[in-house]
There are 2 protein chains.
Amino acid sequence: MRPTVHDIAAAAGVSLATVDRVLNQRPGVRHVTREKVETAIRDLGYVRDVAAANLAKGRVYPLTFILPASDNSFMHGLNAEIRTAIARSATERTDIRIVEVPAFDPQALVRELQTVAAERPSGVALVATDAPEVRAAVDRLVQDGIPVVTLVSDLTGSLRHHYAGVDNIAAGRTAARLLGRFLGGAKGELAVLAGSMLVRDHRERLEGFASVMAQEFPALHLLPVLEGRDDPEVAHMLIANALGKNDGIIGIYSLGAGNRGLIRALKEKAIGRPLTVVAHELTAHTRAALVDGTIDAILNQDAGHEVRSAIRVLKAKADGLGVIDAQERIRLDIFLKDNLP
Amino acid sequence: MRPTVHDIAAAAGVSLATVDRVLNQRPGVRHVTREKVETAIRDLGYVRDVAAANLAKGRVYPLTFILPASDNSFMHGLNAEIRTAIARSATERTDIRIVEVPAFDPQALVRELQTVAAERPSGVALVATDAPEVRAAVDRLVQDGIPVVTLVSDLTGSLRHHYAGVDNIAAGRTAARLLGRFLGGAKGELAVLAGSMLVRDHRERLEGFASVMAQEFPALHLLPVLEGRDDPEVAHMLIANALGKNDGIIGIYSLGAGNRGLIRALKEKAIGRPLTVVAHELTAHTRAALVDGTIDAILNQDAGHEVRSAIRVLKAKADGLGVIDAQERIRLDIFLKDNLP
DNA sequence: ATTTTATTGATTTACGTACATCAAAATTGG
DNA sequence: CCAATTTTGATGTACGTAAATCAATAAAAT
């Protein structure tokens, strides 16, 4: 049987009230007594029954998710996953709120972080915009004792407790090797379509991609990055244009959103032309394109996993508990047409 | 605030005891009364607080994992993951037992299932051997009201509640496409190394592999399957032998265990020879081989995820609750040297 | 109409923890 | 050494549910 507070009290030779004071760091316990209790806790291997504790406290976890107000499939999907999690709130004792802030606007994000901090939620998850002032604002939250996890886009160098997202450098490297190997030693040019070089995850993907290409596939030459602002229309224009005037393009890496435009351009301009395409994010559009052969591979991060992981981690941190690292690692999914879910 | 049993009692105009009788399907409630209570439950959207219920019941979930006594890295890893889960038993209210049975022996598995059934655990997870008598034994367990999930290897057509493992046909298809694309249109022969064709997952992987190869890569010719019995020594002998007498082999698909022997054979016999290799299961050996270029891609199933998923599902089923399907889907991991965890 | 049986209500205890209150004991300061 | 203060103990209530007991009522059988 697992030890209870009663066992601790008996073992330490103190009363239940004292054990409670130690456990919940309430004042009024002498140093030596506190140590006796802590020793007993360690000796018996006591772990607080979180379910019972939460019941007694009537605890709920108010969590705030701060997302950029971007209009693309991925963000819509992320939003939907959070709303699904909200639907489970009753059973999970969470009280989740979604806040949207203008995309790519550090100031707005900082202001929102301050507003959120004032509400003292049990935890905050945010899609980080990579800027020093955001880092500072996050650090302030953490120092205030509020657990923070970054979602999808990390904020390295900050004090955030956890990052629920994929390793984007590895993603770029993986894309490069897939593309390089699929092209089987052919010589030619590669177009790279990104959302914006101002976003950290896009920069990182490009960095990983370029480095593997340079080292291992010298026969493939990278054209200057096309910035589609994650907008299908812009992406369409850029890709159609590039394919139109450059016959040497044999491969495309789309590392951002807005793939709807990319796919349309491919269907118009690349008929009968051998083109190997690797894109990010599995959506209805990219999925169809993968099945019909327009796209050769899709790299994906599972938004549902990211959201559930963020919630688990925030709850655990709020309770001062550890997490199962392997479980919280967000994996890079590689989809070919054969292993679609 | 979420409704409690008291609210249900008030709404239905009955006493707490009656609500309890309905909720826990105890006898002594008239049909009409039962319906009144059930209506109130539905109207108020009552969901039982599982944490409080478990606390009151002092509930633990005795779970039994039945594994084949196979001596390969994957089974060792699976075993280790279950032991890790056992270490979390205290906080998760589980009481997990591992039982080993001779591998590939339906009779032994059936006997064990009967023994286990007699102990009436809250749930059973088993690595299924595909045989009619096993199916029947599993069905008996399920009809007895004991939740059953298959682990790693499924038992289609049985009444098992859930399968915690990957889609092996998709895995084989994916391997075929990776190998085919990496070989870039070259013409030649492919060696396939399996454990045993008596195991369902191996048969399925081969089936998927062969079908994509036949349909989409006609220039590649499959040699007869080599059965290495998941044994490194046998695998080494078979592969060394095949490479020695067939110069036309340009690719290898290893769909079972025993990759240590495969890797050794490759290092001895394939120096300077262009060979594309796709293997299953990420272990210390295959990982090193992927990094040094001996293997080109590894397909993997995360044993930790499988075990945690099996436990979550068994607990949920034992409580008559639903599961989050997307969360319980075991994904096929594709590892290139760039996205290793 | 009376007995038997089936339903229902009322009430209590328990699970493990949190938290509050008041009294008792120990320690500290002067 | 006494008073003031700090520390500790004892005890009770609460959280939402489970489970048991016993009394009370209703319905069915005789």
Side-chain angles (χ1 to χ4, degrees), chain A residues 1-38 40-41 44-61 89-93 95 122 315 318-321, chain B residues 1-38 40-41 44-61 89-93 95 122 315 318-321:
Chain A
M1 265 290 126
R2 147 173 200 200
T4 74
V5 275
H6 293 86
D7 302 322
I8 303 298
V14 300
S15 78
L16 222 57
T18 302
V19 174
D20 181 67
R21 287 177 187 118
V22 173
L23 277 175
N24 297 293
Q25 24 224 6
R26 268 186 271 278
V29 184
R30 243 188 324 165
H31 191 68
V32 278
T33 317
R34 169 157 275 136
E35 295 222 306
K36 266 199 301 187
V37 174
E38 278 165 354
I41 288 176
L44 298 191
Y46 169 82
V47 269
R48 168 204 252 110
D49 183 328
V50 185
N54 285 347
L55 177 61
K57 275 194 282 208
R59 192 189 205 329
V60 287
Y61 301 82
S89 281
T91 44
E92 302 191 346
R93 298 184 118 73
D95 176 15
S122 298
K315 286 173 71 173
D319 289 334
L321 300 176
Chain B
M1 265 292 125
R2 111 179 230 213
T4 74
V5 275
H6 293 87
D7 302 322
I8 302 299
V14 300
S15 78
L16 221 57
T18 302
V19 174
D20 181 67
R21 287 177 185 118
V22 173
L23 278 175
N24 296 291
Q25 21 225 5
R26 268 186 269 278
V29 184
R30 243 191 322 168
H31 190 68
V32 278
T33 316
R34 167 157 277 135
E35 294 220 308
K36 267 198 302 186
V37 174
E38 277 164 355
I41 288 175
L44 299 191
Y46 169 82
V47 269
R48 168 204 250 112
D49 183 330
V50 185
N54 284 347
L55 177 60
K57 276 194 281 209
R59 193 189 204 329
V60 287
Y61 300 82
S89 282
T91 43
E92 303 191 345
R93 291 179 150 8
D95 176 15
S122 297
K315 285 174 73 174
D319 289 335
L321 300 176

Salt-bridge criterion met for A:Arg2 and A:Asp7 (N-O under 4.0 Å): no
Sugar-phosphate only, base, or nothing, as touched by B:Gly58 at under 4.0 Å among non-hydrogen atoms: nothing
side-chain N/O B:Ser15 vs C:dA10 OP1/OP2, d < 4.0 Å: no
CA sep, side-chain torsions, deciding dist, call: A:Asp20, A:Val5, side-chain contact (heavy atoms from CB on, under 4.5 Å): CA-CA 8 Å; A:Asp20 181 67; A:Val5 275; over 6 Å; no
Protein-nucleotide distance (B:Leu44, atom CG; D:dG16, atom P), rounded to Å: 15 Å
End axis versus end axis in the helix from C:dA1-D:dT30 to C:dG30-D:dC1, the angle rounded to 10°, five pairs used at each terminus: 30°
Gap between atom NZ of B:Lys36 and atom OG1 of B:Thr18 - 0.5 Å precision: 9.0 Å
Whole-Å distance separating the CZ atom of A:Arg34 from the C1' atom of D:dT6: 13 Å
Atom pairs under 3.5 Å: protein N/O with N/O of nucleotides 16-20 of chain C:
| residue | atom | partner | partner atom | Å |
| --- | --- | --- | --- | --- |
| C:dG16 | N2 | A:Ala52 | O | 3.3 |
| C:dT17 | OP1 | A:Tyr46 | OH | 2.7 |
| C:dT17 | OP1 | A:Asp49 | N | 3.2 |
| C:dT17 | OP2 | A:Val5 | N | 2.9 |
| C:dA18 | OP1 | A:Asn24 | OD1 | 3.4 |
| C:dA18 | OP1 | A:Arg48 | NE | 2.7 |
| C:dA18 | OP1 | A:Arg48 | NH2 | 3.2 |
| C:dA18 | OP2 | A:Asn24 | ND2 | 3.3 |
| C:dC19 | OP2 | A:Arg26 | NH1 | 3.1 |

Smallest separation among heavy atoms of A:Leu44 and A:Pro3, with atom names: O-CG, 3.4 Å
side-chain contact (heavy atoms from CB on, under 4.5 Å) between A:Leu23 and A:Ile41, intermediate numbers included: CA-CA 9 Å; A:Leu23 277 175; A:Ile41 288 176; 3.8 Å; yes
Protein-nucleotide distance (A:His31, atom NE2; D:dT6, atom P), rounded to Å: 18 Å
Smallest separation among heavy atoms of A:Leu55 and A:Arg93, with atom names: CA-NH2, 4.1 Å
SB check B:Arg59 B:Asp319 (cutoff 4.0 Å): yes
B:Val37 vs B:Tyr46, side-chain contact (heavy atoms from CB on, under 4.5 Å): CA-CA, chis, key distance, verdict: CA-CA 11 Å; B:Val37 174; B:Tyr46 169 82; over 6 Å; no
Any A:Arg30 side-chain nitrogen or oxygen under 4.0 Å from OP1 or OP2 of D:dT6: no
